[in-house]
Each structure stands twice: as C-alpha cells, then as structure tokens.
Amino acid sequence: VARVFGLKGTIMKLKQGSFLWYLYMDKLYCLLSVRNVKALVQYFHLLDVHRKKTLNDVLFYHFLQHVTDLKRNQITIVFNMLDWNAVGEIGFDQFYMLNHLEEQFIFRHSRPVFELLDLDGELKIGPSNFHMYNFLFNIKKQQLRDLYHDFDITGDCRLNYKEFKLFTIFSMDKYQESQKAVREEKESSAQK
C-alpha cells in the first residue's frame, strides 16, 4: 500500500505498480534514502513540463489521479494545503511533504505537519482542519472528539503546537503498541 506516501493506515492508497510504489523509506526516521530522493527529484522534473521547477494544480491533479485513488475534490484540498504561499504552484519541498503522512512521519516531523494543518496561520488547529483532511488521517468522529478532549489542555477547542506534539507522541505510542500486538499474534499463530 502507500509506501512513499506513508499512508498505510489511511483511506488514500498509492496505486500498486506506480514509480512511487517502489521507493524505500527508512522506518525509523521516515526519510527516503539519498538515492530515492534523487529519483524523486528526477520524477518531479519529468512532471514539470513548463520547466518552472514547480507543478501547477493541473499537473498536480493528473499526477495524483495517476498514482493514488483520491477523488478530484480531495486532490484539490491536498494541493491547497501544500500551496502554503498561495501562488497556485508547488515546488519540490511541498511535493516532498506529500511523501509521508503516517504516525511515524507525523511524530518525527510534527512542526511542518502542524504548519500544513494550520490553515489560517493562527498557530492553532481546530477540528474542522482534521475533518477537511480526514481522507489523509482517517480520524473518526469519536476519535476526533477524544483527541480534543484529551489533548486540548487550554480548553479552546483548538490545538496549539505543544498540544499537537503531545497528540503525536500519544499516537506514536499507540501505533507501536498495535504493531507489537500484530507481531505477537503472527508469532503465536506461526508457533501453532
């Protein structure tokens, strides 16, 4: 499933067989190897048909339509999220940010992810931000209520960066526990 995009537990899926399917991501630090980054840069340059070192919304749409199962409106939402300076184009830095939105990546790179989710620049993330990007994070309504109940220390129904960082730490712990349970289950069924 989505290796480079790191969306293994979410709704968005990378189409098997696409170029990006074969890129390896370091599990510990959620980073691509130098060789894979160079390949990704070359791929980005191939997509950049206007030779402006950017992708406009049309190029980005067709790229994501080809490599993922996202719908048109979801691709538009992702583009607008990545086009943080609102110029109608994204550069390689933003393209690379699309790379991995899983628990480990969010934990290791919580500041840039927080800034992507902070749509209005107020340094706070409301439930509507998570709702808008639910197809990336796959957070159910009850989980979202629990998230704000457990981590909204200030009580303003919005997460500041410190509260968001606590959430990422908790999510990472929970993710590691679930991975451990899966491994233990596989080991016990293999012993039978």
Side-chain angles (χ1 to χ4, degrees), residues 1-25 30-32 36-122 125-141 143-144 147 159 164 167-168 171:
V1 182
R3 292 179 189 187
V4 167
F5 284 75
L7 299 165
K8 294 182 180 172
T10 64
I11 296 170
M12 180 174 132
K13 301 279 189 270
L14 190 62
K15 290 180 183 174
Q16 188 171 359
S18 72
F19 164 77
L20 300 175
W21 179 266
Y22 298 101
L23 295 181
Y24 171 76
M25 181 175 62
C30 298
L31 298 171
L32 292 173
N36 284 335
V37 170
K38 287 179 81 171
L40 192 61
V41 167
Q42 291 301 316
Y43 192 74
F44 179 81
H45 290 306
L46 288 172
L47 294 171
D48 176 22
V49 297
H50 299 110
R51 303 291 177 236
K52 294 172 61 178
K53 297 184 179 162
T54 61
L55 300 179
N56 63 25
D57 58 341
V58 174
L59 293 169
F60 186 78
Y61 168 77
H62 287 289
F63 161 69
L64 277 188
Q65 183 186 37
H66 179 71
V67 300
T68 70
D69 64 349
L70 291 179
K71 294 173 179 45
R72 176 183 287 276
N73 64 332
Q74 294 171 326
I75 293 172
T76 301
I77 289 169
V78 171
F79 180 81
N80 290 335
M81 175 181 70
L82 295 174
D83 181 21
W84 54 65
N85 53 4
V87 295
E89 299 174 326
I90 62 164
F92 182 75
D93 291 346
Q94 293 96 344
F95 181 75
Y96 185 80
M97 277 300 294
L98 180 62
N99 252 341
H100 354 268
L101 291 172
E102 68 177 4
E103 289 86 354
Q104 292 176 340
F105 182 82
I106 292 171
F107 171 71
R108 298 253 184 235
H109 307 283
S110 58
R111 176 59 79 177
V113 172
F114 178 82
E115 290 171 357
L116 284 174
L117 291 173
D118 179 24
L119 299 175
D120 52 14
E122 293 182 355
I125 301 172
S128 61
N129 299 62
F130 280 104
H131 179 69
M132 180 182 293
Y133 300 115
N134 191 40
F135 62 93
L136 294 174
F137 295 102
N138 198 20
I139 297 175
K140 307 281 188 276
K141 285 184 180 183
Q143 291 171 317
L144 190 59
L147 182 149
L159 299 180
F164 181 75
F167 161 68
T168 64
S171 296

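This structure is a prediction, so every number in the text was calculated from the model and none was measured.
The distance from atom OG1 of Thr76 to atom CG of Asp83, rounded to the nearest 0.5 Å, is 12.0 Å. Between Asp57 atom CG and Ile75 atom CD1 the span is 11.0 Å, to the nearest 0.5 Å. Note that the CG atom of Leu117 and the CD1 atom of Ile125 stand 4.5 Å from one another [nearest 0.5 Å]. Note that the CG atom of Leu64 and the CG atom of Asp69 stand 10.5 Å from one another [nearest 0.5 Å]. Annotation: the span from Leu159 atom CG to Phe114 atom CZ amounts to 7.5 Å, rounded to 0.5 Å. In this structure, the separation between CZ on Arg111 and OG1 on Thr168 is 11.0 Å, given to the nearest 0.5 Å.
In plain terms, the two heavy atoms of Phe44 and Thr54 that are nearest each other are CZ-CA, 4.0 Å.
With sequence neighbours excluded, the residues satisfying side chain to side chain contact (heavy atoms under 4.5 Å, CB included) with Val41 are Val37, His45, Phe92. For the side chain to side chain donor-acceptor pair (under 3.5 Å) test, residues two or more places apart in sequence or in another chain that qualify with Gln65 are Tyr61. In this view, Phe79 and Phe60 satisfy the ring pair (Phe, Tyr, Trp, His ring centres under 6.0 Å) rule, not counting sequence neighbours. Residues that satisfy the side chain to side chain contact (heavy atoms under 4.5 Å, CB included) test with Lys53, not counting sequence neighbours, are Asp48.
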Checking side chain to side chain contact (heavy atoms under 4.5 Å, CB included) for the pair Thr68/Gln74: CA distance, chi angles, key distance, verdict? CA-CA 11 Å; Thr68 70; Gln74 294 171 326; over 6 Å; no
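Heavy-atom neighbours of Arg72 CZ from other residues, nucleotides or ligands within 6.0 Å: at or below the threshold of 12.
Proximity of a side-chain donor or acceptor of Asn73 to a complementary backbone N or O of Ile77 within less than 3.5 Å is not detected.
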